[in-house]
Every structure is written in structure tokens, then in C-alpha cells.
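In this text, all values refer to a predicted model and were calculated from it rather than measured experimentally.
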Amino acid sequence: MSSIKIECVLPENCRCGESPVWEEVSSSLLFVDIPARKVCRWNTLTKQLQRVTVDAPVSSVALRQSGGYVATIGTKFCALNWEDRSIVALATVDKDKKNNRFNDGKVDPAGRYFAGTMAEETAPAVLERHQGSLYSLFPDHQVKKYFDQVDISNGLDWSLDHKIFYYIDSLSYSVDAFDYDLQTGQISNRRSVYKLEKEEQIPDGMCIDVEGKLWVACYNGGRVIRLDPETGKTLQTVKLPVDKTTSCCFGGKDYSEMYVTSARDGLDSESLLRQPKAGGIFKITGLGVKGIAPYPYAG
């Protein structure tokens, strides 16, 4: 086992950093700060950090095949042109729920942008329950709603053969799986593949590695865990020097580095003294496994 190294590569003090995505062409890490309403792009070679501020909480960002990015802003799926900082709404959801916003989102292997909603929090992880739904934005900008009654729609990814969709509704403390039809984007047969242990706290963002194992960031648990979705067992736990680890993705030139986002909101002054790097972006090397490149939105 190679020795694992954890470093805070960007002390950004995010209120709630989320949705890390590796952009190979520019060797950059994209991420968002949800309540600060910022989409960020950090070039790992030049160390230059750029930010675009938007007009509502921005909860996820993804690559776009035709150039630029897509993002979930408020309750809208949006296109983001980085060059001129312009944003175009592609679709709006939850029009009847004024207190809702999107949360985590990710693009499937066919180029559909999946993202779910939740009620706006009154404090971190404190909110009106069962207000969210899961959606996807198809390449033709049509929106499909999958199910509702969601608490905090969170981490998502697909198995390497694209036949399983993995999904986290945080307050269920479970990583769930669905059968997935890549041709149609249909999901069925929901089941739990992993229940979090008490000390692991709240499951948040998630990604998959080249061996088909899942990595889950544990909010309030200060760790990322590696799971085997077939056996339901934890294979590895990597603890970070911050409590509110929010999401993770693989990146670097061969996808052997893991980037982890974190949050500061909800930490009292004593906790912040104990973890001054809360809200920073962390890089983990030496995991001994690689990830896969993110899929771009096809619309």
C-alpha cells in the first residue's frame, strides 16, 4: 500500500464547497460554493483561481460537450459561458416550491445532466423534509422527473458498465442503487447497497473508481470512505483534518489524485480554531487507485 498524503491545496474558506469536477484540457478543478453563489475554476498548473458569481445558490457544475459548462443555479439548469460570464437558463424545476433549490448534480455516460432538489436549509442539514425530487436534463433540454419525497438529494454516479445508477439521499444515511437503462435514462428497482455507520455521519458527494468501488464524502464525519457496492462493505477510510467533507472527485493527469471539497458553515469559533482549513480544497495522493474522467453534458 502506497503511503497516503493529504494536503490542503487551496485554502478557499468555502462556506459550502461542493461538486468538484476535473477538467482535463486545462488541468483545472471546477467546484462551487453553494451559499456564496460562486462557481470556481482552479488551474492546478498556474495556481490561478477564477470565480464567477451568480444570482442564486449554485449547487453543481459540469462540463459541456459544446464548450463552457452547465450548472444548477437555484431551481434552474443553466449554461455557463466562462469567457463572458454569461448564464442562460435551460430549464426550471420545482416551480411550485419557492423554498427549494437544487443540490448535487452529475452527467451520466449518455450526456444527461442529473440533479436533485431539496428545501433551503435553516441550518446545515436542518430543513423541511421530503420536499425534494430527482431530475435529469436531457440533451434536447427536456426535463425528466424520477421521484419526489427526497430530503437532501446528493451524491450520484454510474457503474462502469453503465447498468447501475448510484444515488444518495443524505438523511436516509444510505447509498442506494437503481437498475439503469442508458438508452432511455430510465431507473428502476431501488435498493440500499450501504448503510453508514454512526461515526461516518451523513453521506454527501460521491464518485466511482476504475475498480467500480464508490468513494463517499462523509459530512460531519471528516472522511471519505471507499465502499464495495456489491458486498456492502467499507474497504478504506481516509480521514481529513476538517469535519465537513462534502464531495470528492478524481483528477490529475492520470486521474490518480483525489480532490475533496469541504465546508465552514455551521462550525462555531472553537471548531474553526481547531480546523483552520475548513472550507478548503484538499488533494489526496497515494490511494493506489485511479478514477475515471467526468462525462460532459451533450446538449
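In the hydrophobic clustering of this structure, Y135 does not group with V150; members are Ile, Leu, Val, Met, Phe, Trp, Tyr whose side-chain heavy atoms approach within less than 4.5 Å, directly or through other members. The same ILVMFWY cluster, assembled from side-chain heavy atoms under 4.5 Å apart, contains both F31 and Y295. Grouping the Ile, Leu, Val, Met, Phe, Trp and Tyr side chains by contacts below 4.5 angstrom, directly or via other members, places I187 apart from V193. Side-chain heavy atoms closer than 4.5 Å link hydrophobic residues (I, L, V, M, F, W, Y) into clusters, and following such links, possibly through other members, connects F250 to V210.
A donor and an acceptor atom, one from each side chain of Y194 and T234, are located under 3.5 Å apart. In this structure, a donor-acceptor pair under 3.5 Å is absent between the side chains of S159 and Y180. A side-chain N or O of T261 and one of T246 form a donor-acceptor pair less than 3.5 Å apart. Side-chain contact annotation: D94 with T117, donor-acceptor N/O pair under 3.5 Å present. Looking only at atom types and distance, the side chain of N154 has no donor-acceptor partner in the side chain of Y167 under 3.5 Å away. Checking D169 against S172 by side-chain atom types alone, no donor-acceptor pair falls below 3.5 Å. Side chains of S174 and S192: a donor on one and an acceptor on the other come within 3.5 Å. Between the side chains of S262 and T245, no donor-acceptor pair is found at a separation under 3.5 Å.
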Derivation and outcome, side chain to side chain contact (heavy atoms under 4.5 Å, CB included), residues D148 and K97: CA-CA 12 Å; D148 52 20; K97 296 194 169 170; 5.7 Å; no
Candidate pair K38 and D33, rule salt bridge (Lys or Arg N to Asp or Glu O under 4.0 Å), full reasoning: CA-CA 5 Å; K38 288 186 174 79; D33 185 345; over 6 Å; no
Trace of the salt bridge (Lys or Arg N to Asp or Glu O under 4.0 Å) decision for R51 with E12: CA-CA 11 Å; R51 302 176 187 88; E12 176 64 355; 2.9 Å; yes
Side chain to side chain contact (heavy atoms under 4.5 Å, CB included) evaluation trace for V93 with K145: CA-CA 9 Å; V93 303; K145 179 177 175 176; over 6 Å; no
V260 and I281: CA distance, side-chain angles, deciding distance, side chain to side chain contact (heavy atoms under 4.5 Å, CB included) verdict: CA-CA 6 Å; V260 181; I281 308 293; over 6 Å; no
Side chain to side chain contact (heavy atoms under 4.5 Å, CB included) evaluation trace for L287 with I4: CA-CA 6 Å; L287 287 172; I4 291 172; 3.9 Å; yes
Derivation and outcome, side chain to side chain donor-acceptor pair (under 3.5 Å), residues T75 and T92: CA-CA 6 Å; T75 52; T92 306; 5.7 Å; no
From CA spacing to verdict: salt bridge (Lys or Arg N to Asp or Glu O under 4.0 Å), K290, D254: CA-CA 7 Å; K290 294 177 182 181; D254 56 357; 3.6 Å; yes
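Salt bridge annotation for K106-D157: present, with a cationic side-chain nitrogen under 4.0 angstrom from a carboxylate oxygen. Ion pair R274/D243 flagged as a salt bridge, since at least one NZ, NE, NH1 or NH2 atom sits closer than 4.0 Å to an Asp/Glu carboxylate oxygen. At a threshold of 4.0 Å, the pair K5-E7 counts as salt-bridged, since one of the basic side-chain nitrogens sits closer than that to a carboxylate oxygen. Salt-bridge check for D265 with K244: failed, with every basic side-chain N at 4.0 Å or more from each acidic carboxylate O. Note on E211 versus R226: salt bridge recorded, some NZ/NE/NH1/NH2 to OD/OE distance being below 4.0 Å. In summary, D55 and R37 do not engage in a salt bridge, as defined by a charged side-chain N under 4.0 Å from a carboxylate O. The residues D108 and R112 are annotated as salt-bridged, a charged nitrogen and a carboxylate oxygen being separated by less than 4.0 angstrom. Here D151 pairs with R129 in a salt bridge; the nearest charged N to carboxylate O distance falls below 4.0 Å. Ion pair E121/R101 flagged as a salt bridge, since at least one NZ, NE, NH1 or NH2 atom sits closer than 4.0 Å to an Asp/Glu carboxylate oxygen.
Contact detail for S247 and M206: the closest heavy-atom pair is OG-N, 4.2 Å. Considering every non-hydrogen atom in both S28 and N43, the closest pair reads OG-CA, 3.5 Å. Shortest non-hydrogen contact noted between N220 and Q201 is O-CG, 3.4 Å. Counting all heavy atoms, side chain and backbone alike, C248 lies closest to G205 at SG-O, 4.3 Å. Minimum interatomic distance between Y255 and P294 (heavy atoms only, all atoms of both residues): OH-CD, 3.9 Å. Contact detail for P276 and R264: the closest heavy-atom pair is O-NH1, 3.7 Å.
Between W42 and Q48 there is no side-chain heavy-atom pair separated by less than 4.5 Å. You'll find the side chain of L272 stays beyond 4.5 Å of the side chain of E270, heavy atoms only. Looking at W215 and D209, their side chains come closer than 4.5 Å, going by heavy atoms from C-beta outward. At least one side-chain heavy atom of L29 sits less than 4.5 Å from a side-chain heavy atom of C249. Residues L134 and F165 form a side-chain contact, since some pair of their non-hydrogen atoms from C-beta on lies under 4.5 Å apart. For the pair L90/Y297, a side-chain contact is recorded, criterion being any heavy-atom separation below 4.5 Å from C-beta on. Contact annotation: the side chain of P296 never approaches that of R64 to less than 4.5 Å [non-hydrogen atoms, C-beta and beyond]. The shortest side-chain heavy-atom distance between D204 and E18 falls under the 4.5 Å cut-off.
Rounding to the nearest 0.5 angstrom, the gap separating the OG atom in S136 from the OH atom in Y113 is 12.0 Å. Here the CG atom belonging to L45 is positioned 4.0 Å from the OG atom belonging to S27, to the nearest 0.5 angstrom. The CZ atom of F102 sits 12.5 Å away from the OG atom of S19 when rounded to the nearest 0.5 Å. Note: Q149 CD to Q131 CD = 8.0 Å, rounded to the nearest 0.5 Å. Once rounded to the nearest 0.5 Å, the distance linking OG of S59 with CE of M118 reads 9.0 Å. We find the CG-OG distance between N103 and S170 to be 7.0 Å, quoted to the nearest 0.5 Å.
Taking the centre of each ring, F147 and F178 come in below the 6.0 Å mark. Y146 has its ring centre less than 6.0 Å from the ring centre of F114.
In this pair, W22 and Y259 present their aromatic rings parallel. The plane angle is below 30°, not in the 30 to 60° band.
A donor-acceptor pair is defined here as one N or O able to donate and one able to accept, closer than 3.5 Å; such a pair exists between the side chain of T72 and the backbone of S60. Between the side chain of K213 and the backbone N or O of I208, no donor-acceptor pair lies under 3.5 Å. K163 places no side-chain N or O within donor-acceptor distance of the main-chain N or O of L160, the cut-off being under 3.5 Å.
Applying the under-4.5 Å side-chain rule to Ile, Leu, Val, Met, Phe, Trp and Tyr, the cluster around L30 extends to V21, V32, I34, V39, V52, V54, V58, V61, L63, Y69, I73, L80, W82, I87.
Just one of I168, L214, L171 meets the side chain to side chain contact (heavy atoms under 4.5 Å, CB included) condition when paired with P203; it is I168.
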